[in-house]
Amino acid sequence: MERLGIKEEGRKKEKRKLPPLPHAKKGEVVTRFPPEPNGYLHIGHAKAAFVDYEYARMYDGIFILRFDDTNPANERKEFYDAQKEDLKWLGIEWDKEYRTSDNLPKHYELAKKLLEEGNAYICTCSEEEIRRNRREMRECIHRNESELEWNDFIKMKEGEAVMRLKGDMKSNNTAMRDPVLFRIIEHPHPIHGKRFRVWPTYDFYGAVEDSLSGVTHPFRSKEYELRDEVYFYLLDLLGLRKPHLMEFSRLEIKGMPVSKRKIKPLIDEGKVMGWDDPRLPTLRGLRRRGIVPEAIKEFVLSQGISKAEAVVAFENLEAINRKILDGKARRYFFVPQPVKVIVRGLEEKEVELKYHPSVDMGKRKVKVGNVIYIPKSDAEKLQVGEIFRLKDLCNVMVEKIGNEIMGEFAGDELIDGIDKVQWVGEEHVEMEVLIPRLPFKNGEFDEKSLEIVRGYAEKNVEEIKHGEIVQFERFGFVRIERNEGIKGIMAHR
RNA sequence: GCUCCCGUAGUGUAGCCCGGCCAAUCAUUUCGGCCUCUCGAGCCGAAGACCCGGGUUCAAAUCCCGGCGGGAGCACCA
């Protein structure tokens, strides 16, 4: 117990802290995590969420969960809750929660103001025209001569007109070339139905919401950097408070695409089982694989808020997870690709084995007789005349090697320097363990990224609850799933 | 192509804003050794880095200029 306590403390010390926030005062920091409810959260979201959450905690501030649901065609009702579940699983708690879509009336008010003050205009150019004019840095006729007002705009049809900011068509920053602020979308909204037809774009609601909700330190990922200028310009025009906007690089994992854009095709083409496939960096996938929330937290925070693009190895996460799991996971014997061994002289009996080598978790009982199974990989190494050890049981002298191995009991005492092998007896459970690997190899989907290993596990695995993570000794950490039968998913060695 | 951002060991990261205490932090990785009835964990040790070239300065990873390399944006998507 005390030993554990010391270990625990040792690890805590190593935990890195986020660097101090500029312009931050204790008690006055407000952060926000703004997912769009259009899919399941992945580890990239976890990074953003943890950074926001941790900074709020670090400064005794407030952390807001905000659903950026302003594109009714994309959002789906089920994801509001799914995302909240995933955040809760991560151990993230929020002080406030709201939907951006609930604030549309306020957005409309500000839009009208922008229009009336001549800082925005209703543009009826086609999308292609807008694009071309942007490229050619040319103002369109509507910018200065449009007579259309807000009330005209809201009566128009989808695609007929948009509201644009009067930025600077000559700006080097393409984001400033009169970005679209509002557009019309007829598609019903999962929450509001047909109540609204005019929807703000990211440039508008992002800046406005951050400011109005009191966020002091909004974080976004680096690809938005060019939009900073729009963000502050807009707030200036609206006379709204300007937060300390910050950016960090996106999380990238070697061989494991994080973005929805790359994951979705794998699911659509049936290459993976779904959004919770253990090969995927979705929170649901990681969870199924046996990666614990604390590990995800430590991992993503170790990336920090640097703007340098980084490609991290998944093994970093594995290493963190392994260390956390090691002190908590019960041990069992699992024999992959079992080979039968007849041990002459081994009496039928019941032995007690510890659930954990150093932490007291009690003991389990295992029946043995003279029929034993050991892993093929170990069996292949055996030579006639050699003595090997059945771990926690006894020594066996190899007499004959064939389809089965014949051996003889060779004493109970531990002999130094011989191989110790995990085993099961006649009483065992057949099961399979899924071994997920990196889904991508050399930029292409690896068809062999999910290996299935069949084997025998000691009967006690039947007591393991669904979702529990255990260690199969000398094999790896495995999360147990119990649906029709019992199945294991290997997290890592 | 244009614009912006980034460049510290194999990998990630601290330090850079406010130059000296940096012969550079921590983690991972690899390799030794110890411990352990797991190929896990733990303990000890070792290996390994400031993209290049100029400049400023008594002094540069840190400031300035140029080059090279990588990334992002150029959507009525976020």
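In what follows, chains are A, B, ... by sequence order, proteins preceding strands, each numbered from 1.
- Atom name C1', nucleotides B/rU8 and B/rA60: the rounded distance is 14 Å, in whole Å.
- Base pairing of B/rC21 is not made with any nucleotide, judged by Watson-Crick or G-U wobble geometry with both donor-acceptor distances under 3.5 Å.
- Counting only heavy atoms from C-beta outward, the side chains of A/Val198 and A/Arg183 never approach each other to under 4.5 Å.
- A/Tyr202 and A/Tyr205 have perpendicular rings, their planes meeting at more than 60° on a 0 to 90° scale where under 30° would count as parallel.
- Side-chain atoms of A/Arg183 lie closest to B/rC77 of the nucleotides B/rG12, B/rC5, B/rC77.
- No hydrogens or angles were tested; on distance alone, nothing pairs the side chain of A/Glu315 with the base of B/rU11 as donor and acceptor under 3.5 Å.
- If you take atom C1' in B/rA78 and the same atom in B/rA72, they sit 14 Å apart, rounded to whole Å.
- The shortest distance between the side-chain N/O atoms of A/Arg134 and the OP1/OP2 oxygens of B/rC76 is below 4.0 Å.
- Nearest-nucleotide positions on RNA chain B for A/Ile185 and A/Arg177 put A/Arg177 closer to the 5' end.
- Relative to the side chain of A/Asn172, the nucleotides B/rG12, B/rG15, B/rU3 differ in distance, and B/rU3 lies closest.
- Closest to the side chain of A/Leu226, from the set B/rC6, B/rU38, B/rG73, is B/rG73.
- Picking from B/rC77, B/rC37, B/rC6 the nucleotide with the shortest atom distance to the side chain of A/Leu414 gives B/rC37.
- When the nucleotides B/rG40, B/rC39, B/rC77 are ranked by their closest atom to the side chain of A/Asn74, B/rC77 comes out on top.
- A/Tyr332 carries A/Arg364 over the face of its six-membered ring, with the cationic atom under 6.0 Å from the centre and within 45° of the normal.
- Below the 3.5 angstrom threshold, one finds a donor paired with an acceptor across the side chain of A/Asp378 and the base of B/rC39.
- A cation-pi arrangement is absent between A/Arg164 and A/Tyr121, since the terminal nitrogen or guanidinium carbon is not both under 6.0 Å from the aromatic centre and inside a 45° cone about the axis.
- Of the P atoms belonging to B/rC31 and B/rG67, the separation is 43 Å, rounded to the nearest Å.
- The same atom, C1', is picked in B/rG73 and in B/rG53; the two are 30 Å apart, to the nearest Å.
- Checking B/rG73, B/rG7, B/rG40 against every side-chain atom of A/Asp326, the shortest atom distance belongs to B/rG40.
- Distances shorter than 4.0 Å separate none of the side-chain N or O atoms of A/Arg250 from OP1 or OP2 on B/rA72.
- Judged by atom type and distance alone, A/Tyr224 does not reach the base of B/rA72 through any side-chain donor-acceptor pair under 3.5 Å.
- Between the side chain of A/Arg389 and the base of B/rC37 there is at least one donor-acceptor pair of N/O atoms closer than 3.5 Å.
- Between A/Tyr456 and A/His428, the ring planes lie parallel to each other; the angle is under 30°, not in the 30° to 60° tilted range.
- A tilted orientation is assigned to the rings of A/Phe219 and A/Phe248, their planes being inclined by 30° to 60°.
- Listed nucleotides B/rC4, B/rC76, B/rC5 differ in distance to A/Glu309; the shortest reach to its side chain belongs to B/rC5.
- With B/rC76, B/rC74, B/rA14 as the choices, the nucleotide that has an atom nearest any side-chain atom of A/Ser306 turns out to be B/rA14.
- With B/rU38, B/rC5, B/rA78 as the candidates, the nucleotide lying closest to the side chain of A/Asn71 is B/rA78.
- If you check B/rC68 for Watson-Crick or wobble pairing at under 3.5 angstrom, you find it paired to B/rG7.
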